[in-house]
Amino acid sequence: MISWLLDSFRRHLSLPLLGVIALAIASPALAQKGKLRERLTPDVMAIVHPGAEWLGPEEGSPPAIAAYKGDKVAAYIFSTLDIVNARAYSVIPFDVIAGVTPEGRITGAKAVFHREPYVYQDPIRQPQLDTFLAAEAGQPLNGAPTIRPDYVAQSTITARLMRAAVHDTARLVLNARVSRQSVTVPTLDVDRFELKSWDELIADGSVGRIRLTSGDVASAFARLGVADPALDEPLGKPDDLYTDVFFGLLDPAAIGGNVLSGVRNFEDYRQRIPPGGHAFFMASNGPYDFHGSNHWRKENGFRFDRVRIVQDGKTIGFVHDDYQKFLTSARNAPGTLQGFHAQEEAGVFILSPNVSFDPVKPWRLELLVTTTGQNPVTVVFPFDYKLPATLILMPDEPVVAPWVEAWRDARVNVAILALLLVVLTGIFAFQAQLSRSRRAHKLVRNGFLLVVLVWLGWTASAQLSIVNVINYVAAPFRGADIGYYLAEPLMVMIAAYTLVSLVLFGRGVFCGWLCPFGALQELLAQVSRALGVPQWSPSFALEKRLWMGKYIAAAAVLVLMLSGIDGSGASTEIEPFKTAITSKFTRAWPYVLYAGALLAIGLFSERAYCRFLCPLGGVLAALDRLHLIDLLKRRPECGNPCHLCERSCPVRAIEPTGKINMAECFQCLDCQVEYYDDKRCPPLVAAAKRSYDGKAGAAMPTAAMVKNA
Ligand code: SF4
Ligand code: SF4
């Protein structure tokens with residue numbers, strides 16, 4: 001009766017599977033939208049925008065809260081859930097609160113809600129995710145990121161989906177609030193203005209500075225072998241200031257408006273710059289000013305011989321007509337003016353549009369000091385100048401889908417896994433040849449399992465799990481697109497390979513060869529047997545009943561997860577994969593104890609977890625009946641009277657009748673090694689004996705004979 005019930009349960013397992021799939025449609029989102037202000041706790045604000053002085057109301061479409069510094073909007077705070085409702089790998093919508101400055105830089109990001117099974121309440125991955133998102137602070141919406149994202153073990157794709165949602169949402173928020181010039185190549189932002197002091201301009205690089213003492217100049221000449229240089233401006237004591245030059249590009253209002261003491265002054269001045277031309281400001285203190293007097297002299301070509309600009313290896317000089325001197329207060333009325341106008345000398349050079357110069361590219365100012373006399377010697381003091389990134393409008397980056405980024409980043413691992421799968425395909429294609437050599441089979445199998453455990457499992461963290469099955473099944477009902485399926489490259493490759501091999505040959509290709517935890521169990525079992533640990537083998541009737549454990553586990557996990565009853569994914573902890581493979585036993589002790597106990601049981605009964613409890617194994621075994629091709633060879637004598645293969649099967653997949661139960665078979669090929677062994681396989685032994693004796697009709701060896709063979 002019990003066996004009838006169990007058989008019936010197995011036969012109809014596809015019905016509950018279909019049922020739970022249907023439940024996926026009804027699974028609710030768990031995060032609550034709206035009322036962003038209530039979610040902006042001090043902890044969240046400390047990460048999202050710590051510099052905010054006060055917050056405005058939640059308003060606009062898409063909704064956001066303006067964070068102010070003084071009376072200026074410093075950032076807009078928003079929620080990804082409220083605006084784009086993006087979903088993570090578990091397809092449950094997450095909520096990341098983030099901020100973006102009006103200039104398009106993320107101010108910070110924090111996940112305030114998610115239910116990612118590998119991250120939720122995980123003491124290692126949750127902090128990794130927090131760090132990953134916090135590192136978004138300062139990242140531009142346009143242009144290349146200034147940092148590489150950190151790694152979130154086993155959940156990098158979820159982290160990337162969150163980051164992509166933050167950027168997408170920030171663009172929507174900004175587009176509705178700040179009109180931005182759209183450009184196709186990096187372009188100087190000439191219009192944006194922000195009030196800054198002279199010191200702030202020096203600090204952010206808008207104003208470059210070369211400060212030299214007499215000692216610096218004397219040392220430079222000494223390096224050229226000139227001990228006591230004769231100069232227009234004689235050197236003083238070593239610590240005396242020789243020159244202190246300030247310089248920069250005047251074109252952008254953010255620099256020109258501040259250097260020339262007001263946007264109005266700058267706008268007036270800008271009229272003098274011909275279209276396509278550029279302006280450079282320079283100022284200096286100390287005896288050696290930046291302009292000298294040679295630019296007044298015709299015999300000198302009216303050239304300025306103390307400064308020049310170098311960009312991309314091309315030198316650009318200035319002549320007298322390029323220059324306009326500014327009146328400054330340093331000599332006449334000290335303290336009345338500030339910044340540029342407060343230096344001893346100040347002026348602006350205008351570069352003609354005919355001179356090739358790219359304002360957004362870095363360039364270098366070279367300050368030249370030349371000796372007088374017959375054989376002048378010049379020393380060059382270079383200073384690199386690069387505009388602040390905020391003054392360069394970047395073209396909108398083509399938005400790279402997270403799955404594209406994931407494949408690009410994982411290309412080395414993808415290549416290694418592809419090679420591994422090619423090798424595995426070769427093993428199956430030539431399994432008959434491989435099985436003819438017991439030694440070769442052992443070497444190849446153990447070598448492959450070792451690679452699967454160490455590289456695929458412990459290094460690449462690519463352990464297929466019931467979580468993946470649930471996510472793949474639920475995704476279409478929850479609006480996930482193709483990018484979702486492609487999000488985890490190694491997992492996609494393994495899942496696709498498993499699906500194809502499941503339909504062709506059964507579940508054994510994955511469970512026997514590609515499951516890192518299965519490999520760990522099998523390798524430990526070999527060590528255990530080599531050490532003579534006694535093995536437990538239940539009766540076949542009990543074995544069959546115990547097999548049902550994995551189907552029950554699979555159905556329970558699928559129902560709980562897909563119905564939303566188990567929103568946190570606690571039931572998937574029945575799998576020890578997270579502990580033993582992806583976390584490499586670095587989790588809390590109850591998890592480690594559980595995984596260790598399962599592995600310990602496997603020391604006495606090979607792959608006990610696989611045979612009796614694994615929900616993923618249960619799903620694959622349930623689907624195994626679809627397989628089209630039986631690769632494993634059998635003889636009429638298998639099961640009656642011979643039982644050699646049956647006893648050689650480490651997972652009891654061969655029934656006493658000799659039939660292989662493919663749902664339990666791991667395609668390990670142990671039985672095939674026996675099948676081709678003409679010294680152990682009784683029919684082969686008998687055939688060999690017949691041919692040797694030249695006699696017909698030799699009796700078939702019995703099971704007892706086989707046992708002793
Ligand atoms: S039954 Fe489970 S643990 Fe065992 S090999 Fe298959 S998936 Fe891996
Ligand atoms: S010994 Fe044969 S039947 Fe048993 S698991 Fe290996 S391949 Fe399958």
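For ligands, and for the atoms within them, numbers begin at 1 and follow the listed sequence.
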For the rings on Phe612 and Trp547, is their centre-to-centre separation under 6.0 Å?
no
Could you verify whether a donor N or O on one side chain and an acceptor N or O on the other, from Ser605 and Arg611, lie under 3.5 Å apart?
yes
Let me check your reading of the structure: within less than 2.8 Å of atom 6 (Fe) of ligand 2, is there an N/O/S atom from Cys668?
yes
Taking only non-hydrogen atoms of Cys511 and a 4.0 Å limit, the atoms of ligand 1 in range are 1 (S), 5 (S), 6 (Fe), 7 (S)
Honestly, for Arg507 the part within reach of ligand 1 (heavy atoms, under 4.0 Å) is side chain
Between Gln463 and Thr582: side-chain donor-acceptor atoms closer than 3.5 Å
no
At a 4.0 Å threshold, what atoms of ligand 1 neighbour a non-hydrogen atom of Phe510?
7 (S)
Within ligand 2, which atoms have a heavy atom of Val651 less than 4.0 Å away?
5 (S)
Atom indices of ligand 2, in the order listed, that fall short of 4.0 Å to a heavy atom of Ile654:
3 (S)
For Arg607, the atoms of ligand 1 under 4.0 Å from one of its heavy atoms are 5 (S)
Going by the order shown, which atoms of ligand 1 are within less than 4.0 Å of some heavy atom of Phe577?
3 (S)
Option whose closest heavy atom lies nearest to atom 8 (Fe) of ligand 2, chosen from Cys665, Ala653, Gly506
Cys665
Would you say the side-chain atoms of His441 and Gln433 include a donor-acceptor pair closer than 3.5 Å?
no
With a 3.5 Å cut-off and no angle check, do the side chains of Tyr676 and Ser437 form a donor-acceptor pair?
no
Regarding Cys610, does it place an N, O or S atom less than 2.8 Å from atom 4 (Fe) of ligand 1?
yes
Relative to the heavy atoms of Cys614, which atoms of ligand 1 are at a distance of less than 4.0 Å?
1 (S), 2 (Fe), 3 (S), 7 (S)
Proximal atoms of ligand 1 relative to Cys515 (non-hydrogen, under 4.0 Å)
3 (S), 5 (S), 7 (S), 8 (Fe)
With atoms numbered from 1 as shown, which atoms in ligand 1 lie under 4.0 angstrom from a non-hydrogen atom of Tyr609?
3 (S)
